[in-house]
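We name chains A, B, ... by the order of the sequence lines, and we start the count at 1 in each one.
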Amino acid sequence: MLHEFADLMDMHGDIFRRNAYRRAARSIEALDQSIEEIIREGRLRQIPGIGEGIASILMEIVESGTSKELERLRRTFPPGVAEMMRIPDVGPRSAVKFYHELGITNLEELKDAAEDGRIRKLSGFGERSEANILRGIRLIEQQGSRMLLSDALSKGSAIVEHIRSYGFPLVSVAGSMRRMMETIGDVDILVGTSHSVDAMEAFIAFPNAVDIIVRGESKTSVRLSDGTQADMRVVPEISHGAALQYFTGSKEHNVKLRRIAINKGLRLNEYGLFDSAGVNLVAGLKEDEIYRLLDLQPIPPELREDRGEIEAAARNQLPRLVTQRDIRGDLHVHTILSDGHDTMREMAMAAMKRGYDYVGLTDHSASLRIANGLDVDELLTSLEQARQLSNELNFPIMRGAEVDILEDGTLDYPDEVLDQLDYVIASVHSRFKMSIDQMTERIIYAIKSGKMQILGHPTGRLLGRREAYAIDLDAVMEEAARHGVAMEVNGFPERLDLNDMGCRRAKEKGIMVVLNTDAHSEEGLDNMHLAIGTARRGWLEPENILNCLPYPDIKDALAR
DNA sequence: GCCGTTTTCGGCCCGACTGTTTTCAGTCG
């Protein structure tokens with residue numbers, strides 16, 4: 001509703017109110033507590049961006065389900081006018097103009113008007129505007145949702161490689177990809193060079209680029225064959241660090257940073273940090289310099305969401321985020337025995353090759369028929385095989401299982417079998433549509449069994465395909481804390497579960513987290529960077545992460 | 001509408017590109 005307020009303010013031309021409502025909406029989205037709870041505790045006004053006016057609107061909405069002021073504003077424009085602003089290049093000014101001067105009230109009518117050549121009669125519009133509007137409408141009609149981080153990273157690195165092959169060494173991915181957001185809208189590429197024209201040529205020559213959206217001296221955008229938009233910005237080498245900072249975002253982080261610069265009598269833009277006259281360059285080549293000169297610790301990209309990182313950096317209290325080097329082993333790995341593609345030996349050797357100290361093999365339990373889950377005999381046989389393989393390779397293989405949490409909350413193997421395992425990852429793979437109370441109770445019952453060490457993919461979501469199941473994650477985490485159960489961050493590209501905010505909550509509650517890949521093949525082990533990115537976005541440090549422990553400490557920890 | 005290491009009033013990030021115009025408004029990120 002605050003976003004709707006913002007749209008309406010926008011249409012009325014009140015940019016400052018629009019920004020205020022937008023900011024308040026984002027603040028609330030970033031909360032990990034319900035707004036009702038915050039109102040009960042009387043802490044509404046402590047949320048940044050919420051003052052007297054918006055606080056009273058929120059209380060009215062929570063109490064009555066609506067706002068008188070919102071309803072009044074809704075009557076000022078038909079609902080379809082805001083809808084038109086979804087079209088690229090159509091903003092509030094244009095949408096309102098279409099409504100006032102042509103009586104257009106929705107997308108369908110706008111499409112007709114553009115096809116009939118009525119738009120070009122408006123001042124400031126011509127034939128090209130009409131064509132763009134029609135193209136934009138087609139685009140939102142067929143538009144897929146955001147892409148997975150994993151897909152974006154591979155597209156991004158393909159473009160980076162392509163441009164590098166033309167002899168440009170300073171090429172980086174920026175934007176939300178660099179912040180490791182779980183889904184990505186478009187691919188952002190940055191090049192530092194004084195030969196901007198040649199770099200643009202190289203970009204446009206990318207084989208997968210089928211359409212040029214905009215083309216200028218410092219910015220070019222193309223559409224890839226699958227509909228993805230890729231933007232490239234070019235700046236002189238000397239500005240590369242400033243530009244990287246700028247184009248990595250987030251927008252909210254950057255706005256706050258610029259305000260800090262202004263307060264210090266400086267100016268920050270994508271070309272560098274300047275004195276207030278905007279003449280003398282103070283910093284620009286290195287990203288870290290920008291932060292230091294603003295009296296901040298350099299802030300890792302994954303934290304740049306304006307969720308307190310700037311304040312922490314000012315106090316010199318940024319977390320020391322986990323890195324790939326801190327990870328000593330992968331504890332969620334499938335083999336050909338259940339639904340994996342490769343053998344125990346192949347997976348163990350693949351883990352060795354990646355420099356790990358150990359690996360944990362965790363095939364599915366019997367109930368998961370679709371994944372060829374192991375029955376008790378098969379499991380016990382595999383334990384013996386794993387023991388022998390471990391001796392032969394002289395590499396610690398921990399013998400675990402991914403055990404289903406059944407509908408009633410019991411685990412899918414008898415206790416005496418579970419006791420023979422080094423550890424148990426317990427996961428929900430069935431009956432996702434239970435009520436929040438039932439699902440929470442189901443998982444808490446499993447935790448109370450005392451037979452599980454790790455809760456696998458705790459919310460069950462599949463990005464773009466399936467919502468998280470209804471679950472009271474706070475209640476589950478509190479029970480997990482009591483029983484010393486760790487939460488998994490599952491690095492499977494469409495899971496990333498826990499997500500970033502889940503990691504942060506776990507950390508606050510003092511719960512250990514495990515970064516796993518859920519690999520079903522050797523290559524699957526390479527998804528660890530996705531789990532790490534998620535953990536970093538959740539402010540996690542090595543001490544919060546179970547598989548940062550070396551062997552045999554990890555084994556002791558799991559046994560405890 | 002929000003906010004304060006100049007401020008309780010008067011600011012609110014800033015530059016690139018397009019399409020329309022002959023200097024700029026609108027949109028985007």
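Gln245(A) has its CD atom 14 Å from the C1' atom of dG15(B), to the nearest Å. Computed from coordinates, the Asn132(A) CG to dT18(B) P distance equals 11 Å when rounded to whole Å. Distance Leu266(A) CG to dC14(B) C1': 15 Å, rounded to the nearest Å. In this structure, CE of Met232(A) is placed 15 Å from C1' of dC17(B), rounded to the nearest angstrom. Atom-to-atom, CG of Asn269(A) to C1' of dG29(B) comes out at 14 Å; the value is rounded to the nearest Å. One can place CZ of Arg26(A) at 19 Å from P of dG1(B), the figure rounded to the nearest angstrom. Between the P atom of dG29(B) and the CG atom of Leu190(A) lies a distance of 17 Å, rounded to the nearest Å. Rounded to whole Å, atom P of dT18(B) lies 11 Å from atom CD1 of Ile213(A).
Under 3.5 Å, the side chains of Lys97(A) and Ser123(A) contain a donor-acceptor pair of N or O atoms. No hydrogens or angles considered: nothing links the side chains of Glu201(A) and Tyr166(A) as a donor-acceptor pair under 3.5 Å. Side-chain polar atoms of Glu309(A) and His253(A) form a donor-acceptor pair below 3.5 angstrom. A donor atom on one side chain and an acceptor atom on the other are found under 3.5 Å apart for Asp518(A) and Asn490(A). For the residue pair Thr66(A) / Glu71(A), a side-chain donor-acceptor distance below 3.5 Å is found, with atom types taken as modelled.
Nucleotides dG1(B) and dT5(B) have their C1' atoms positioned 23 Å apart, rounded to a whole Å. For the C1' atoms, the distance linking dC12(B) with dT6(B) amounts to 15 Å, nearest Å. Separation of the C1' atoms belonging to dA16(B) and dG11(B) is 25 Å when rounded to the nearest angstrom. Taking atom P in both dC9(B) and dC14(B), one finds a spacing of 25 Å when rounded to whole Å. Nucleotides dC17(B) and dT23(B), compared at atom C1', are 16 Å apart to the nearest Å. A distance of about 9 Å separates the C1' atoms of dT20(B) and dA25(B), rounded to the whole Å. A distance of about 13 Å separates the P atoms of dG26(B) and dT21(B), rounded to the whole Å. Rounded to whole Å, the separation between the C1' atoms of dC28(B) and dC13(B) comes to 14 Å.
Although no hydrogens or angles enter the test, the distance criterion places a donor-acceptor pair under 3.5 Å between the side chain of Arg164(A) and the main chain of Val171(A). The closest donor-acceptor contact from the side chain of Ser239(A) to the backbone of Val235(A) lies at 3.5 Å or more, if one exists at all. Proximity of a side-chain donor or acceptor of Asn269(A) to a complementary backbone N or O of Tyr271(A) within less than 3.5 Å is detected.
Between Asp288(A) and Lys286(A) there is no salt bridge, since none of the side-chain N atoms of the basic residue sits less than 4.0 Å from a carboxylate O of the acidic one.
If you check dT18(B), dG1(B), dG15(B) against the side chain of Arg215(A), the one that comes closest is dT18(B). Checking dG1(B), dC17(B), dG19(B) against the side-chain heavy atoms of Ile54(A) singles out dG1(B) as nearest. In the set dG15(B), dG1(B), dC17(B), dC17(B) carries the atom at the smallest distance from any side-chain atom of Glu217(A). Distances were taken from every side-chain heavy atom of Arg233(A) (C-beta onward) to each of dC2(B), dT18(B), dA16(B); the shortest belongs to dA16(B).
Comparing Asn263(A) and Asp231(A), the nucleotide of DNA chain B nearest to each residue sits closer to the 5' end for Asn263(A). Sequence order on DNA chain B of the closest nucleotides to Val90(A) and Gly216(A) puts Gly216(A) first from the 5' end.
Across residues 91-111 of chain A, Gly91(A), Pro92(A), Arg93(A), Ser94(A) each have a non-hydrogen atom less than 4.0 Å from an atom of DNA chain B (numbered order).
No side-chain heavy atom of Ser172(A) sits under 4.5 Å from any side-chain heavy atom of Ile189(A). No side-chain heavy atom of Asn132(A) sits less than 4.5 Å from a side-chain heavy atom of Ser129(A). Within the 4.5 Å cutoff, the side chain of Thr323(A) has heavy atoms near those of the Arg536(A) side chain.
For the atom pair OG of Ser157(A) and CD of Glu161(A), the computed distance is 7.0 Å after rounding to the nearest 0.5 Å.
Nucleic acid contact for Ile87(A): sugar-phosphate only, since backbone atoms but no base atoms lie under 4.0 Å from a heavy atom of the residue. Arg18(A) comes within 4.0 angstrom of nothing in the nucleic acid, heavy atoms only. Residue Asp188(A) is classed as having no contact, given no heavy-atom separation below 4.0 Å to the nucleic acid. Backbone-only engagement by Ile50(A) is indicated by non-hydrogen atom pairs under 4.0 Å involving sugar-phosphate atoms exclusively.
Taking the ring centroids of His12(A) and Phe77(A), they lie under the 6.0 Å cut-off.
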Review item, nucleotides 20-24 of chain B N/O atoms under 3.5 Å of protein N/O:
unit_1  : atom_1 : unit_2    : atom_2 : d
dT20(B) : OP1    : Gly126(A) : N      : 2.4
dT20(B) : OP1    : Gly126(A) : O      : 3.2
dT20(B) : OP1    : Glu127(A) : N      : 3.4
dT20(B) : OP1    : Ser129(A) : N      : 3.2
dT20(B) : OP1    : Ser129(A) : OG     : 2.6

* Under 4.0 Å protein heavy-atom contact, by nucleotide of nucleotides 8-13 of chain B - B base, S sugar-phosphate only -> ----BB
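Across every strand in view, dT18(B) sits in a pair with dA25(B) that passes the Watson-Crick or G-U test at under 3.5 angstrom.
For Ser218(A) and dC17(B), the shortest distance from a side-chain N or O to OP1 or OP2 is below 4.0 Å.
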